[in-house]
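Below is one structure, written out as structure tokens, with a few remarks after it.
Predicted model only: the values in this text are computed from it and were never measured. Chain naming here is simple, since letters A, B, ... match the order of the sequence lines and numbering starts at 1 in each.
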Number of protein chains: 2
Amino acid sequence: MGRKRTKSGKIRLAEVAELAGVSPITASRFFRNPEALSVAKRTRVDSAARELGYVPNLAARALASQRTEVIGVLIPSLTNNVFSDVLRGIYHASEDSRYSIQLSNTRYSILQEEKLLRIFLAQKPAGLIVTGIDQTTESRAMLEAADCPIVQIMEIGPNPVDMMIGFSHFDAARAALDHLFGQGHRKIGFVGARMDPRVQRRLDGYQAAMKDAGLFDPRLIVATATPTSVTLGGALFTDLLAKAPDLDAVFCANDDLALGVLFECRRREIAIPEQIAIIGFNDLEFMASAVPTLTSVRTNRYEMGRTAATMLIDAIEGRRPERPVLDLGFKVMERQSSSLRRSDSRPALSGTGPANKMVALPSSHD
Amino acid sequence: MGRKRTKSGKIRLAEVAELAGVSPITASRFFRNPEALSVAKRTRVDSAARELGYVPNLAARALASQRTEVIGVLIPSLTNNVFSDVLRGIYHASEDSRYSIQLSNTRYSILQEEKLLRIFLAQKPAGLIVTGIDQTTESRAMLEAADCPIVQIMEIGPNPVDMMIGFSHFDAARAALDHLFGQGHRKIGFVGARMDPRVQRRLDGYQAAMKDAGLFDPRLIVATATPTSVTLGGALFTDLLAKAPDLDAVFCANDDLALGVLFECRRREIAIPEQIAIIGFNDLEFMASAVPTLTSVRTNRYEMGRTAATMLIDAIEGRRPERPVLDLGFKVMERQSSSLRRSDSRPALSGTGPANKMVALPSSHD
DNA sequence: GTCGTTGCTGGTAGCGCTGTCAACGTTCCT
DNA sequence: AGGAACGTTGACAGCGCTACCAGCAACGAC
């Protein structure tokens with residue numbers, strides 16, 4: 001009777017409270033902290049809400065409480081399937097929570113990232129997931145001043161803003177090289193595209209390994225800022241071959257490039273691994289079913305996303321993780337494309353990571 | 001001096017208005033409809049906002065205006081790279097707009113879709129993008145009752161809820177089959193995974209084509225509900241070969257499966273296309289650089305996402321499209337994997353689509 | 001029996017913004 | 001010149017919810 005509806009006919013908290021015979025604030029508490037109510041009122045509010053089909057108005061809640069239940073995610077690309085795996089993990093972990101994901105694409109620009117960060121922060125997100133450790137000074141300052149938990153993903157390094165989850169791309173690249181050295185390869189090329197900070201660190205790892213082995217030769221490196229693709233892998237490999245015809249192995253900065261190299265070898269009738277060995281990076285699904293099967297450095301992308309979101313939500317709700325920096329490690333998945341001599345009983349080269357299946361081998365972050 | 005800040009120190013519209021020497025409501029208008037202001041005030045507010053680094057509070061705006069600037073997107077999967085292309089298009093089109101994307105994953109469940117739809121609708125989204133045309137009756141009713149524009153994507157069919165953009169999977173499959181028939185193939189197998197409604201319609205198209213040609217044989221069909229992968233392609237092809245050893249071509253419901261079939265053929269030393277022809281679906285990037293290059297049905301996924309978001313935003317802002325249903329068509333990209341006889345001057349088989357590069361060939365939607 | 005303590009509940013006062021409508025000045029028409 | 005029409009501006013009153021604090025009952029300690 002006296003119940004007045006909003007124009008749009010939506011049910012408000014006040015209606016629920018009235019039907020339940022409690023004050024609006026009590027009804028409000030029911031949705032945020034049911035334990036604070038007596039059992040009697042709790043059930044009354046519950047059934048009133050059900051009966052009316054009440055759905056809270058998030059905008060009003062956000063305005064009144066001065067905070068949102070939004071987790072902001074800043075990633076550099078939607079194209080790259082590395083990020084789609086990470087995202088899948090993030091969405092998965094957030095699905096059963098009250099938090100919703102707000103995604104923004106920095107397009108590999110730290111300036112764009114800074115701009116987006118400013119917008120995100122102004123909306124007082126519950127938490128933030130940002131990619132990598134190479135923010136602008138200004139972004140870094142904003143992140144540090146932010147009053148919400150933050151997780152940096154994709155890699156680990158010194159001075160986390162807050163939490164951090166990833167692995168050492170530098171060490172992973174070194175492990176790839178060590179694997180190739182172990183197979184007797186010496187003239188090892190590097191093929192890289194996009195060259196974002198993480199690919200750059202893989203290149204750094206490659207260079208360090210080659211230098212340490214006294215095998216470094218700049219002609220063995222082909223890198224471009226062009227976005228990656230299978231076709232590009234073939235093209236870059238062609239360039240590499242022109243510069244270094246006596247090549248005996250290729251470290252590809254990602255698996256798409258590796259597949260492109262595989263096809264290009266097939267086109268040129270180069271035998272793999274007899275003439276040239278191939279190793280990729282990320283271990284996408286197709287690597288294991290290519291012919292020959294392709295060696296790759298496995299990274300835990302889905303796990304990274306899922307764990308990042310879980311850690312973040314825990315932190316938002318006051319459950320801070322025991323250790324704020326998590327190294328998820330990597331693992332060299334040795335397959336036909338790099339196995340000249342069958343590796344006998346030597347375990348796969350691994351970085352640190354969950355104890356279940358990885359050999360502990362701490363990556364150095366200095 | 002007299003300027004009072006909110007506790008958190010955030011700049012409010014009132015501060016901007018004060019600095020600009022106008023009333024808050026005028027400042028408000030500047031952000032929503034600058035043309036309504038005189039040039040003098042416009043520049044004053046603009047510089048005041050810049051100087052203070054003002055960012056509007058979206059929650060307050062949403063609460064006061066009774067609407068949000070959120071576009072809800074319901075897709076069945078984040079894994080499938082078909083959807084990541086669509087999403088890229090959607091995000092791209094929304095980036096320069098005031099609208100933000102809220103993504104939810106139905107996991108191929110129309111019940112889950114219904115649940116998510118209910119939540120979305122309660123927050124009064126500015127618009128909605130939903131996948132496909134197979135909603136539950138309840139979902140359908142909610143969509144029709146929603147007071148925001150809606151775009152259905154990925155396929156076209158009768159009775160759009162509002163707008164619709166996609167192509168006919170049935171016709172696309174028929175076109176693939178027609179291409180194979182044209183190359184002289186008769187024992188054509190079907191390999192499909194996931195079997196969502198759109199893959200199902202591709203299977204329907206395959207069946208119709210085979211029946212019309214008097215070549216239908218249920219043993220030629222291998223389909224599973226398992227999510228797709230390259231490895232699965234090889235496994236399904238193995239099954240198919242066991243059931244129909246005299247196969248001369250395979251229509252794969254997507255490109256991952258096609259790549260798996262390619263590798264499996266290589267493993268079995270089956271010559272492509274001499275012994276078995278392969279055609280995929282979607283024309284992912286790698287199809288053109290495989291060895292042999294793989295024929296596929298090109299679909300305009302990025303374009304679909306971009307156009308859907310653009311149409312939706314236009315509709316939200318009152319610019320309804322001339323035609324609410326858009327057929328983006330498809331195109332059979334003939335490559336080595338299906339070219340027994342070099343196709344001379346015959347144009348590629350196409351569905352309807354943008355005039356620029358596709359041969360108009362309307363798909364029937366009945 | 002009094003006092004504090006705890007647990008639960010409600011009143012009040014906004015959160016920051018925009019819808020509505022009225023008021024103003026200017027221009028243009030008759 | 002008077003008035004209508006338009007463009008521009010501002011005052012006011014919320015949007016639906018929650019933070020904050022006060023109040024009240026019930027209970028235990030002394």
Side-chain angles (χ1 to χ4, degrees), chain A residues 3-45 48-49 52-69 98 119 121-124 126 147, chain B residues 3-45 48-49 52-70 98 122-124 126:
Chain A
R3 201 181 304 161
K4 45 183 166 16
R5 296 277 186 82
T6 175
K7 302 154 214 151
S8 55
K10 285 279 174 256
I11 310 294
R12 287 169 308 166
L13 190 56
E15 273 89 65
V16 176
E18 192 184 347
L19 180 61
V22 299
S23 72
I25 189 67
T26 300
S28 167
R29 271 191 277 261
F30 168 76
F31 294 102
R32 293 175 292 145
N33 182 20
E35 277 67 41
L37 301 205
S38 62
V39 182
K41 305 225 164 175
R42 200 185 306 171
T43 52
R44 289 236 298 284
V45 176
L52 298 172
Y54 172 73
V55 180
N57 180 322
L58 265 32
R61 177 178 288 178
L63 180 60
S65 67
Q66 294 283 73
R67 56 199 162 68
T68 61
E69 285 174 349
R98 61 216 279 202
I119 296 172
L121 253 11
Q123 306 308 323
K124 305 195 189 154
D147 64 346
Chain B
R3 204 180 299 159
K4 46 182 169 9
R5 295 274 186 83
T6 176
K7 304 154 212 152
S8 56
K10 285 280 175 255
I11 308 295
R12 288 170 307 168
L13 189 56
E15 272 89 64
V16 176
E18 191 186 348
L19 181 62
V22 300
S23 72
I25 189 67
T26 300
S28 167
R29 271 191 277 261
F30 169 76
F31 294 102
R32 293 175 292 146
N33 182 20
E35 276 68 40
L37 301 205
S38 63
V39 182
K41 305 226 164 179
R42 200 183 307 170
T43 52
R44 289 234 300 283
V45 176
L52 297 171
Y54 172 72
V55 180
N57 180 323
L58 264 32
R61 176 178 289 178
L63 180 59
S65 67
Q66 294 283 73
R67 56 198 165 68
T68 61
E69 285 173 349
V70 170
R98 59 215 281 201
Q123 303 309 324
K124 303 192 191 156

OP1 or OP2 of [N] less than 4.0 angstrom from a side-chain nitrogen or oxygen of [X], does that happen here?
| X | N | answer |
| --- | --- | --- |
| B:S65 | D:dC15 | no |
| A:Y54 | D:dG16 | no |
| B:Q66 | C:dC17 | no |
| A:R67 | D:dA19 | yes |

Between [atom2] of [N] and [atom1] of [X], the distance in whole Å:
| X | N | atom1 | atom2 | answer |
| --- | --- | --- | --- | --- |
| A:L13 | D:dG16 | CG | C1' | 8 Å |
| A:L37 | D:dT18 | CG | C1' | 14 Å |
| A:E69 | D:dC17 | CD | C1' | 13 Å |
| A:E18 | D:dC17 | CD | C1' | 17 Å |
| A:E35 | C:dT9 | CD | P | 13 Å |
| B:R44 | D:dT8 | CZ | P | 15 Å |
| A:L63 | C:dC15 | CG | C1' | 4 Å |
| B:R42 | D:dT9 | CZ | P | 9 Å |

For the residue pair [X] and [Y], what are the closest heavy atoms and their distance?
| X | Y | value |
| --- | --- | --- |
| A:I11 | A:L52 | CG1-O, 3.3 Å |
| A:A62 | A:T68 | CB-CG2, 3.9 Å |
| B:R32 | B:I25 | NH2-CD1, 4.3 Å |
| A:Q123 | B:V55 | NE2-CG1, 3.9 Å |
| A:F31 | A:R61 | CB-NH2, 4.0 Å |

Output side-chain donor-acceptor pairs under 3.5 Å for residues 34-42 of chain A, partner residues at least two apart or in another chain, one line each.
| residue | atom | partner | partner atom | Å |
| --- | --- | --- | --- | --- |
| A:R42 | NE | A:P34 | O | 3.1 |
| A:R42 | NH2 | A:L37 | O | 3.1 |

What residues from residues 24-32 of chain B pass a heavy-atom cutoff of under 4.0 Å to DNA chain C?
B:I25, B:S28, B:R32
DNA chain D: B:S23 or A:P56, which has the more 5' nearest nucleotide?
B:S23
Quick one: list whatever passes side-chain contact (heavy atoms from CB on, under 4.5 Å) with A:A27, sequence neighbours left out.
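Counting only residues at least two positions away or on another chain, A:A27 forms a side-chain contact (heavy atoms from CB on, under 4.5 Å) with A:L13, A:A17, A:V22, A:V45.
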Residues passing the side-chain contact (heavy atoms from CB on, under 4.5 Å) test with A:A14, sequence neighbours excluded, are none
Nearest to the side chain of B:V22 - C:dC8, D:dG10, D:dC17?
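Nearest to the side chain of B:V22 among the choices is D:dG10.
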If an axis is fit to five pairs at each end of the helix from C:dG1-D:dC30 to C:dT30-D:dA1, what is the angle between the two, to the nearest 10°?
30°
With sequence neighbours excluded, residues passing salt bridge (Lys or Arg N to Asp or Glu O under 4.0 Å) with A:R29:
none
